[in-house]
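Shown next, in structure tokens, is the structure this report addresses.
None of these values were measured; they are calculated from a predicted model.
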Amino acid sequence: MMGEFALVVKFAEILSLDVSVAKLMLTIFSIYPIALLFRVGVFKRPALVQHLFMSAVGIGITWFNYQNDVIHSLLTILITYVIMIFSKGSRLGLALSFIFNMAYLGWAYVNLATSGYDVNWTTTQCILTMRLIGWSFDVYDGQRNPELLTPDQRTTCLTQMPSLLETLGYCYFFGSLTVGPQYPMTRYLQFIDGRFCDPADPSFETSRVKHSMKRFGLGILYMIAYLGFSPLLPTEFLLSFEFLRSYSLLWKLGYIILWHKILLSKYLLCWLIAEGGCVLSGLTYNGRDANGRPKWDALENIDVWLWESASSLNHIIASFNKNTNQWVGRYIYKRLKFLNNQLVSHTVSVIYIAAWHGYFSGYYFCFIMELVSVRAERQAKALFLPYMNQTFLNSTPMRWFSFLAGRLWVVSVCGYSLIYFVVLTQIRWHVIFSSMYYFMQIAFILWVVSFPLLHKFFAQKPAPQANLKTE
């Protein structure tokens, strides 16, 4: 392959990876030596030196992955910065920044996206798009009356316009450039200012390295699981004649449950390894726990234990892609509070996150399924739990049954919905769901239609006990 790095090509061949994927993986692993270099040679140097280091390394990483397409990240950062400078952080500037960044990303998707899993400059650009929009909101909040801001907005707002170099350093920070996580610029500036260190505590640095290695180790475990089992559970099998015509609905659902757990491992391994690198750099400091020990989980993107033991969809939301969920909550969902309608705010948030992923119908239907299933779960718990005997519910056999039933519900809904997200196009997901009789979509439609009647019926019946607290 002309123009490719020979060692990268060899690495890709050994692991049977596409060269672009091999580059991405090498980039994620490179966070660790870069973080060590930063801590040893750059950390605690003047802020100017640190920002230059972040900018140069980030631009270098982007060039390594996408060569001349590094121009896209530079261009969007510069244009966004100019918009907010000339608008003086106004509402108009915020709107222009939002429209420009989403339009630029959308244009890239239209020109480059395929119905497969693409690794190209849009992989980094989608992370950058979210970062620049969040940055624009924070600049805007910094110009508003502090009394009108929420406590969270007071924490993240930028009361002074950052310099271009500071903004470049923030956008190109090596630990979060390729796969996230997302965080406000105020955290980055505090990190550069040296606020996330404690020279008086000899265990402070040790705890940082230990936590970094824990996240790295978990990432390696997920990588082994993905590399070992993904060939046995390929996505292509979902579209095969054998899957579509030769198996029962129950067998198909079982395959989808196993398939989705392995498929999502590739996201978890990337997030965990990248997070470990961010921890090693020192960016993730999160205060101290009740015992006075340093915490390094400020940018935790996956709560592994909660994810693997989730028995409700609320657990999934709380454990998976946490920083992106927080970003959407901070800059989209909560900004729609003036609508005074949680359903509308949630729907707009879902549409935004789907558009951020791309233009294929599968993205939109996947997140709509998430919206409907989460609401259905909450409605069902609120409707039925008050009429169940609390002593019976708290008995050991019933607690185990509830947990196992919840696990089955969660993995079934997540696996089924993920089909939309992965196969993307209507012609492909229709074939798969048709072979399964669209059973889950029909079930949710029946629930949406019948819920008002059920709610009215149960509202007329007094609950035999006090309402139970639901998750």
Side-chain angles (χ1 to χ4, degrees), residues 150 152 253 257 303 305-322 325-326 328-330 332-354 365-418 420 438-471:
T150 66
D152 182 56
L253 185 60
I257 289 172
D303 184 332
W305 174 252
L306 185 59
W307 164 255
E308 295 296 351
S309 63
S311 57
S312 82
L313 295 176
N314 281 339
H315 293 160
I316 296 297
I317 294 172
S319 64
F320 186 81
N321 208 0
K322 292 168 61 177
N325 290 339
Q326 291 168 8
V328 173
R330 177 181 293 129
I332 306 296
Y333 180 80
K334 292 180 181 178
R335 304 283 173 160
L336 299 173
K337 188 177 181 180
F338 68 92
L339 297 174
N340 198 31
N341 189 310
Q342 288 187 349
L343 177 58
V344 173
S345 298
H346 198 170
T347 303
V348 173
S349 301
V350 162
I351 292 172
Y352 171 80
I353 203 68
F365 280 100
C366 175
F367 290 108
I368 288 171
M369 281 283 285
E370 175 196 320
L371 172 64
V372 173
S373 59
V374 168
R375 285 182 60 83
E377 179 183 271
R378 292 173 180 172
Q379 289 169 341
K381 285 184 176 182
L383 198 64
F384 298 124
L385 282 182
Y387 297 91
M388 302 182 73
N389 183 275
Q390 188 171 10
T391 303
F392 174 67
L393 285 176
N394 289 331
S395 65
T396 299
M398 191 58 194
R399 287 168 67 89
W400 273 105
F401 174 79
S402 177
F403 169 74
L404 293 174
R407 282 295 295 153
L408 181 60
W409 155 256
V410 166
V411 294
S412 297
V413 172
C414 290
Y416 193 89
S417 302
L418 191 67
Y420 280 123
Y438 277 93
F439 82 95
M440 198 170 289
Q441 291 91 334
I442 292 172
F444 283 133
I445 290 171
L446 291 175
W447 174 261
V448 170
V449 172
S450 62
F451 176 73
L453 298 175
L454 290 170
H455 185 266
K456 184 177 180 181
F457 172 76
F458 280 95
Q460 295 173 349
K461 295 178 62 178
Q465 60 184 62
N467 288 343
L468 298 179
K469 184 179 179 181
T470 61
E471 293 179 273

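- Atoms CG and CG, on L371 and L343 in that order, are 6.5 Å from each other to the nearest 0.5 Å.
- With contacts defined as side-chain heavy-atom distances shorter than 4.5 Å, the pair W447/L454 qualifies.
- The line from CD1 of I316 to OG of S417 is 11.0 Å long, rounded to the nearest 0.5 Å.
- Between the side chain of N325 and the backbone N or O of F320 there is at least one donor-acceptor pair closer than 3.5 Å.
- Here the side chain of S349 pairs a donor or acceptor atom with the backbone of S345 at under 3.5 angstrom.
- By the 4.5 Å heavy-atom criterion applied to side chains, T150 and K334 are not counted as neighbours.
- No more than 12 heavy atoms of other residues, nucleotides or ligands shown are found within 6.0 angstrom of CZ on F401.
- Using modelled atom types, one side-chain atom of S373 and one backbone atom of E370 make a donor-acceptor pair closer than 3.5 Å.
- The aromatic rings of H346 and Y333 lie perpendicular to each other, with more than 60° between the two planes, well past the 30° mark.
- The nearest pair of heavy atoms linking R399 to N394 is CD-O, 3.2 Å.
- The aromatic rings of F451 and H455 lie tilted to each other, with the angle between the two planes from 30° to 60°.
- Inter-residue side-chain proximity for H315 and S312 is flagged as met; some heavy-atom pair is nearer than 4.5 Å.
- Ring pair Y416/F439: centre-to-centre distance below 6.0 Å.
- The 12-atom threshold is exceeded at CD of E308, counting heavy atoms of other residues, nucleotides or ligands nearer than 6.0 Å.
- The two residues N314 and E377 make their nearest non-hydrogen contact at N-OE2, 3.6 Å.
- Considering only heavy atoms from C-beta on, N341 stays 4.5 Å or farther from L336 through its side chain.
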